Amino acid sequence: MLSPPFRSAKHPLAAAGPGAAGRVELAAAPKRVPEALPQPEAHPPLPAPDSEARWRLLQRLRRQGVDPRPWLERLERGALDPEPDLLATLAVLVDRAGAERLLALARHHGPDGLRQALAQELPGVDGAASAAWLEPLLSACALDPVWLVPLGRCREPRVAQRLREAIAQALEEHPPALQCPPAALIDLLPLLGQQRQGQDAALLISLALDPAPLALRRAALEGLALGLAAWPQASLGQALARLAQDLDPALAAKAVDLLARLPAGQTLLHRLARSPLEASVRARLGRRLRFSPLVLLVHGRSGGRIPAELEALAQDLAARRGAPVLLQALTAPAPEADPAFWAAARTAGALTLVPLLLLPGGHVRHDLPAIAERWRCQADTAGVALRRRPFLGAWPAWQRQLAARCAADRQAGLDPLWLHHPLEGHLAARYLGHLRLQLAAPGLATPYSAQACELPLAGPGPVALLPMTLASNRLSETLKAAFPRAADPSQQPPVRLHPPLLQQAPVRQFLIDALEALP
């Protein structure tokens with residue numbers, strides 16, 4: 001069988017037929033030599049800029065990690081033009097000495113080509129190329145500030161300090177409130193954020209929030225984005241929430257995107273959803289919000305019956321969150337979650353268990369951990385996380401809501417008295433003592449079976465009774481029959497009975513808002 005060169009029509013023996021091949025010594029046939037990368041000294045001129053051949057050659061140089069020194073020599077002799085794509089290739093191949101040679105070339109030919117190449121190629125601080133360029137750029141920057149922008153791509157404390165000094169000088173010479181900021185300042189603010197030094201958060205936040213040219217504010221926000229994980233999260237979240245309500249839709253939309261990346265971002269986004277927003281920003285917010293299904297753990301009544309107030313709460317929450325809400329009563333077996341529930345959980349990556357229990361009794365100490373463990377097992381099987389919230393009575397905001405109710409009673413000339421189920425143990429005693437201080441009102445242990453005549457209500461003035469229960473139960477119904485609401489609102493009865501907490505509009509609205517804001 002003849003080798004491919006002999007079968008070519010261009011070969012002199014190709015037309016002689018098979019017989020002629022026998023009269024040729026095969027040893028004389030041309031041998032195939034593997035293609036090798038041309039040596040730079042003998043290399044013809046680079047292919048034309050923007051051609052595919054040139055791109056392939058430069059990519060091959062990068063992959064093979066060739067010695068860049070012969071190419072540097074050709075540049076220094078003028079045999080090659082210092083074009084940005086060639087400089088970009090050499091920038092990732094040189095050591096410190098090579099970086100200094102490229103900087104010397106830039107001083108002769110002008111810095112634009114090398115600056116463009118470094119902006120494209122200079123990696124982060126962990127790259128070997130960045131280590132090669134750091135010291136040469138620091139020296140070059142001391143002579144010519146034009147190198148500060150490529151230097152800023154090297155993450156290092158000395159670089160951060162150089163950037164701070166340059167930004168401070170630029171702000172002093174060009175106050176943002178007076179005139180358009182210089183282009184250099186717009187370039188430096190993102191680089192300062194890329195340094196990820198926590199001390200720079202205050203400046204970037206201030207420039208993003210303060211009235212200033214829009215280009216400056218956007219550059220500061222870009223700096224916050226590049227160093228997002230390095231900033232104090234509380235102040236950053238507050239700043240981004242303010243920016244999300246900015247008059248500039250592009251700035252506001254960027255702030256919404258950054259809020260979604262924070263660890264507590266979903267909580268902040270849910271709060272933001274209650275604020276007035278520009279239409280396109282609100283649409284963007286809607287795409288960033290993710291609601292997990294809720295499991296609300298409640299007391300329930302005998303036989304597993306769930307009061308109507310809790311059923312209505314769950315329905316309203318499901319409508320507002322756009323995600324399923326299950327009610328699990330302590331007096332009944334756990335409900336079966338349907339496929340839609342688990343589909344929503346997989347979309348959100350989690351489900352949330354919220355114990356709507358008001359006191360740290362046996363249900364919180366013993367039943368709740370077991371229930372949470374069962375839901376955790378189901379969540380693990382479905383491949384989602386279980387978020388478990390503290391019991392409702394432990395929420396400081398909830399305690400403040402109750403305190404406001406008692407304060408309103410005192411202002412109305414009533415002595416508030418809250419009724420709670422009897423509790424045992426040191427933990428319960430500490431909690432009840434804490435709640436008395438928060439509400440500035442005494443509490444009274446009252447079993448569900450208590451009668452109104454058993455309550456020590458004799459006192460110098462009218463009393464406001466606040467049963468510590470979310471929904472109707474035996475005690476609230478007994479007291480309602482014993483202390484009916486006065487027909488004449490102007491009359492002050494000796495005992496004013498408050499309805500269960502979910503039947504009080506301010507308390508219910510607080511709970512709806514708090515649960516809706518959960519991620």
Side-chain angles (χ1 to χ4, degrees), residues 176 181 186-187 189-198 200-294 317-324 343-352 384-385 387 389 397 512-519:
I186 302 301
D187 293 336
L189 288 173
L191 296 174
L192 182 64
Q194 189 172 299
Q195 296 298 314
R196 300 179 186 175
Q197 302 284 317
D200 299 317
L203 173 64
L204 293 173
I205 288 174
S206 174
L207 291 175
L209 288 174
D210 291 348
L214 193 55
L216 182 65
R217 299 181 65 208
R218 289 180 177 175
L221 185 58
E222 181 63 23
L224 290 173
L226 290 171
L228 197 64
W231 318 129
Q233 296 294 289
S235 58
L236 177 62
Q238 294 171 3
L240 292 176
R242 285 180 57 189
L243 285 170
Q245 302 174 61
D246 197 83
L247 295 178
D248 178 59
L251 197 72
K254 178 74 170 180
V256 168
D257 291 343
L258 295 181
L259 274 174
R261 292 168 53 189
L262 297 184
Q266 285 297 311
T267 299
L268 296 170
L269 289 176
H270 286 295
R271 292 176 186 168
L272 184 63
R274 300 195 291 270
S275 303
L277 300 173
E278 193 269 339
S280 64
V281 177
R282 181 165 293 283
R284 198 181 198 94
L285 174 64
R287 294 193 293 271
R288 297 292 178 266
L289 284 173
R290 292 185 300 168
F291 293 91
S292 64
L294 296 183
L317 271 176
R320 292 179 64 162
R321 289 172 61 87
R346 282 188 287 271
T347 298
L351 64 92
T352 304
V384 299
R387 299 188 185 118
R389 308 295 297 182
I512 282 280
D513 291 342
L515 293 175
E516 183 189 5
L518 293 178

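For clarity, every value in this text was computed on a predicted model and none was experimentally measured.
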Query raised in the report: Between Leu191 and Leu226, is a side-chain contact (heavy atoms from CB on, under 4.5 Å) present by the stated rule, with each step listed?
Result: CA-CA 8 Å; Leu191 296 174; Leu226 290 171; over 6 Å; no
**Report entry** Gln245 and Leu277: CA distance, side-chain angles, deciding distance, side-chain contact (heavy atoms from CB on, under 4.5 Å) verdict
**Finding:** CA-CA 6 Å; Gln245 302 174 61; Leu277 300 173; 3.7 Å; yes
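Here the shortest heavy-atom pairing between Arg288 and Asp257 reads NE-OD1, 2.9 Å. Of all the heavy atoms in Ala225 and Leu258, the pair that sits closest is CB-CD2, 3.6 Å. When all heavy atoms of Leu243 and Ala255 are compared, the closest pair comes out as CB-CB, 3.6 Å. Residue Ile186 comes nearest to Ala219 through the heavy atom pair O-CB, 3.6 Å, listed as atom of the first residue, atom of the second, then distance. Closest of all the heavy-atom pairs between Ala220 and Ala208 is CB-N, 3.7 Å. Smallest separation of non-hydrogen atoms from Val256 and Leu269: O-CD2, 4.0 Å.
The main-chain N or O of Ser292 is found under 3.5 Å from a side-chain atom of Arg321 such that the two form a donor-acceptor pair. Between the side chain of Gln197 and the main chain of Asp200, no donor-acceptor pair closer than 3.5 Å is present.
Considering CZ of Arg284 and NZ of Lys254, their distance stands at 9.0 Å, rounded to 0.5 Å. Taking CD of Glu516 as the reference point, atom CG of Leu294 lies at 10.5 Å (rounded to 0.5 Å). Atom-to-atom distance recorded for Leu192:CG and Asp187:CG is 13.0 Å, nearest 0.5 angstrom. If you take CG on Leu240 and CD1 on Ile205, they are separated by 7.5 Å, rounding to the nearest 0.5 Å. Rounding to the nearest 0.5 angstrom, the gap separating the CG atom in Leu236 from the CG atom in Leu228 is 5.5 Å.
Annotation for Arg290: atom CZ does not count as buried by contact number, only 12 or fewer foreign heavy atoms lying within 6.0 Å.
Note on residues 218-244: pairs passing side-chain hydrogen bond (donor to acceptor under 3.5 Å, both in side chains), not counting sequence neighbours, are Arg218-Asp248.
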Just list the side-chain donor-acceptor pairs under 3.5 Å for residues 344-351, sequence neighbours left out, or say none.
residue	atom	partner	partner atom	Å
Thr347	OG1	Ala343	O	3.0

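Ion pairing between a basic and an acidic side chain is recognised when a charged N comes within 4.0 Å of a carboxylate O; Arg320 and Asp513 show such pairing.
Proximity of Arg217 to Asp246: side-chain heavy atoms (C-beta onward) are separated by under 4.5 Å at one or more points.
The side-chain hydrogen bond (donor to acceptor under 3.5 Å, both in side chains) check on Ser275 picks up nothing, with sequence neighbours excluded.
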